[in-house]
Amino acid sequence: MDILLFGEYFLIIALIVFSFATLRIITYKSTSMGLIGTSSFTLALTLLLLTVGTIHNIGFFKDIALALLLLGIVGTIAYAAVMRRAK
Amino acid sequence: MFGIDSGIIILIQSILLIISALLIIIASVGVLRIDGNLDNVVYARIHILGIVDVAGIIAFLALGQPLFALIYLFLAPLLAHALANAYFHGEDTHNNPVLNPNIEETILEDALDEDEAFELISEEVPIGDEADSQEDLDSSEDSSIDESLEESGDDGND
C-alpha cells in the first residue's frame, strides 16, 4: 500500500472522528458554542473534500472546498461581530 | 521539484498528513473529555481547537494546496478572537461585569478572604529570636547615628 494513500486515509478517519466531536460541541445550548462547533466542522469538511478530491482526482472538489472555507469563516466572523454588538 | 527526489517528497507529505491526523485526533479527545462544568470552558475549547487549526494548515500544505494554507493561516486567529470576543460580550456572566454586576462584589469578597487568610498565616508563623535581635541592632544603629550627629553639632538637614 502506498504510504501517501495510507496517510490520506488516516487523515480521513481522523477528520470523521473530529466531525463527530464538533457535532457534540454544536449541541451545547449556548450560541457561542454552536459558532465554535460550526467553524470547526467547516474546517473538517473542507479538509475532507480536499483529501477525497486528491485521492480520486476530482477537480471541482477543490473549488467547493475553497468556497466553503472562505464563506464559512467569513460568515462565522460576521455572526460573531453581530452577536457582540447585539447584547 | 527543486532537484529533490519525488519519493522523498511523497514521504514528507505522508509524514505531515499522519502528524496532522494525530493532532486532530488528540484535539478531538481533548474537546470531548474536558469538563463542561469548569469556569471559562469556552475559552479552553477555543484554545484546544487552535491545535486543529495548525493541523489543518499542515494538512493543506501536505495536500499541495498552499493557497488554502495561506488563507486559513490569516483567518484562523481572526476567527478565534472574534468567537472569544463575542462570547465575552454576549454570554460570559462569569468574567464580564456588564452582564453580571455582582461580579465586582464577588471579586472584592474574594480579595477580603485572601487578606484574612494572609493575616491568619502571618499570625501562625512564629517570630524567632533572630528577628528580635535584628530589631535591637537597627535601634542601636539609629541611636549611634543620632549621638554622632549631636556631637558634631550638625542637625542632619544639610
Side-chain angles (χ1 to χ4, degrees), chain A residues 2-22 24-25 28-40 42-44 46-51 53-55 62 65-66 68-70 72-87, chain B residues 7 9-33 36 41-43 45-46 48-49 52-53 55-57 59-60 62-65 67-68 71-72 74-76 78-92 96 98-99:
Chain A
D2 188 11
I3 188 170
L4 184 59
L5 200 60
F6 171 74
E8 287 167 346
Y9 276 112
F10 190 42
L11 181 65
I12 287 175
I13 293 168
L15 287 171
I16 290 170
V17 173
F18 180 65
S19 301
F20 283 110
T22 54
R24 177 71 186 92
I25 294 174
Y28 287 109
K29 61 182 178 182
S30 65
T31 314
S32 55
M33 290 307 298
L35 274 179
I36 294 168
T38 311
S39 64
S40 303
T42 306
L43 175 65
T46 306
L47 272 171
L48 264 177
L49 281 173
L50 265 183
T51 314
T54 306
I55 291 173
K62 183 183 169 184
L66 184 60
L68 191 65
L69 187 72
L70 274 176
I73 292 177
V74 172
T76 308
I77 291 174
Y79 192 89
V82 171
M83 182 181 159
R84 184 205 183 289
R85 290 174 189 167
K87 296 295 175 74
Chain B
I9 291 176
I10 288 174
L11 184 66
I12 292 171
Q13 279 182 320
S14 311
I15 291 170
L16 287 178
L17 285 177
I18 291 169
I19 288 171
S20 60
L22 285 175
L23 286 176
I24 288 171
I25 289 175
I26 291 169
S28 306
V29 173
V31 164
L32 290 177
R33 278 181 58 87
V41 72
V42 175
Y43 303 115
R45 286 202 175 100
I46 293 172
I48 293 171
L49 291 174
V52 183
D53 294 337
I57 291 168
F60 283 139
L63 289 171
Q65 306 293 341
L67 178 65
F68 283 78
I71 289 171
Y72 201 68
F74 281 106
L75 286 182
L78 292 177
L79 179 65
H81 183 265
L83 289 172
N85 204 14
Y87 174 70
F88 178 77
H89 289 283
E91 294 177 345
D92 192 0
N96 192 352
V98 176
L99 296 177

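Numbered from 1 within each chain, the chains take letters A, B, ... in sequence-line order.
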Trainee: Give, for atom CG of L11(B) and atom CD1 of I3(A), the distance between the pair rounded to the nearest 0.5 Å.
Mentor: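 The CD1 atom of I3(A) is 5.5 Å from CG of L11(B), to the nearest 0.5 Å.
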
Trainee: For the atom pair CD1 (I55(A)) and CG (L63(B)), what is the distance rounded to the nearest 0.5 Å?
Mentor: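 Output value for this atom pair is 9.0 Å.
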
Trainee: Contact part of Y79(A) toward chain B, heavy-atom cut-off under 4.5 Å: side chain, backbone, both or neither?
Mentor: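 Looking at Y79(A), nothing touches chain B.
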
Trainee: Kindly compute the distance separating CD1 (I19(B)) from CG (L11(A)), expressed to the nearest 0.5 Å.
Mentor: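 So the CD1 of I19(B) and the CG of L11(A) are separated by 12.0 Å.
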
Trainee: Any idea which of L50(A), T76(A), L35(A) has the most non-hydrogen atom pairs under 4.5 angstrom with chain B?
Mentor: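 Ranked by heavy-atom pairs under 4.5 Å with chain B, first place is L50(A).
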
Trainee: Who among V42(B), L23(B), V98(B) has the most heavy-atom pairs with chain A under 4.5 Å?
Mentor: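 Max contact count across the listed options: V42(B).
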
Trainee: Pick one of side chain, backbone, both or neither for T54(A), based on which atoms fall under 4.5 Å of a heavy atom in chain B.
Mentor: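 Side chain only.
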
Trainee: Quick check on T31(A) against chain B: is it the side chain, the backbone, both or neither that has a heavy atom closer than 4.5 Å?
Mentor: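 For T31(A), backbone and side chain are both near chain B.
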
Trainee: Drop me the distance from I48(B)'s CD1 to S40(A)'s OG, to the nearest 0.5 angstrom.
Mentor: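 Taking CD1 in I48(B) and OG in S40(A), the distance rounds to 11.0 Å.
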
Trainee: For I73(A), which atoms come within 4.5 Å of any heavy atom of chain B: side chain, backbone, both, or neither?
Mentor: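 For I73(A), backbone and side chain are both near chain B.
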
Trainee: Does any part of the side chain of Y72(B), heavy atoms only, come nearer than 4.5 Å to the side chain of L69(A), both counted from C-beta?
Mentor: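 Of all side-chain heavy-atom pairs linking Y72(B) with L69(A), at least one is under 4.5 Å.
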
Trainee: Which atom pairs, donor and acceptor, lie under 3.5 Å between side-chain atoms of residues 81-88 of chain B and protein residues at least two apart or in another chain?
Mentor:
unit_1: N85(B); atom_1: OD1; unit_2: H89(B); atom_2: NE2; d: 3.3

Trainee: V52(B), L22(B), D53(B): which one forms the most heavy-atom pairs within less than 4.5 Å of chain A?
Mentor: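 With the most close heavy-atom pairs to chain A, the winner is V52(B).
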
Trainee: Please check: side-chain N/O of Q13(B) versus main-chain N/O of L4(A), any donor-acceptor pairing under 3.5 Å?
Mentor: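 Not confirmed, Q13(B) side chain does not pair with L4(A) backbone.
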
Trainee: Heavy-atom cut-off 4.5 Å, strictly under: side chain, backbone, both or neither for L32(B) against chain A?
Mentor: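 Only the side chain of L32(B) comes within 4.5 Å of chain A.
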
Trainee: Please report the shortest heavy-atom distance between Y28(A) and R45(B), naming the atom on each side.
Mentor: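 Where Y28(A) meets R45(B) most closely, the heavy atoms are OH-NH2, 3.1 Å.
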
Trainee: Going by heavy atoms in the side chains, are L43(A) and F60(B) under 4.5 Å from each other?
Mentor: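 Result yes, sub-4.5 Å side-chain heavy-atom pair found.
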
Trainee: How many angstroms lie between CZ in F6(A) and CD1 in I18(B), if you round to the nearest 0.5 Å?
Mentor: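 Answer rounded to 0.5 Å: 5.0 Å.
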
Trainee: Working to the nearest 0.5 Å, report the span between CG of L49(B) and OG1 of T22(A).
Mentor: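 Here the rounded value is 9.0 Å.
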
Trainee: Could you look at A65(A) and say if it's the side chain, the backbone, both or neither that has a heavy atom under 4.5 Å from chain B?
Mentor: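 Answer is both: backbone and side chain atoms of A65(A) are under 4.5 Å from chain B.
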
Trainee: At a 4.5 Å cut-off on heavy atoms, which part of T51(A) comes close to chain B: side chain, backbone, both, or neither?
Mentor: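 It is both, since atoms from each part get that close.
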
Trainee: Tell me, side chain or backbone of I25(A) under 4.5 Å from chain B's heavy atoms, or both, or neither?
Mentor: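 Side chain only.
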
Trainee: Just give me the residue among V74(A), L47(A), V17(A) that pairs up with chain B most often, heavy atom to heavy atom, under 4.5 Å.
Mentor: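 Heavy-atom pair counts peak at L47(A).
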
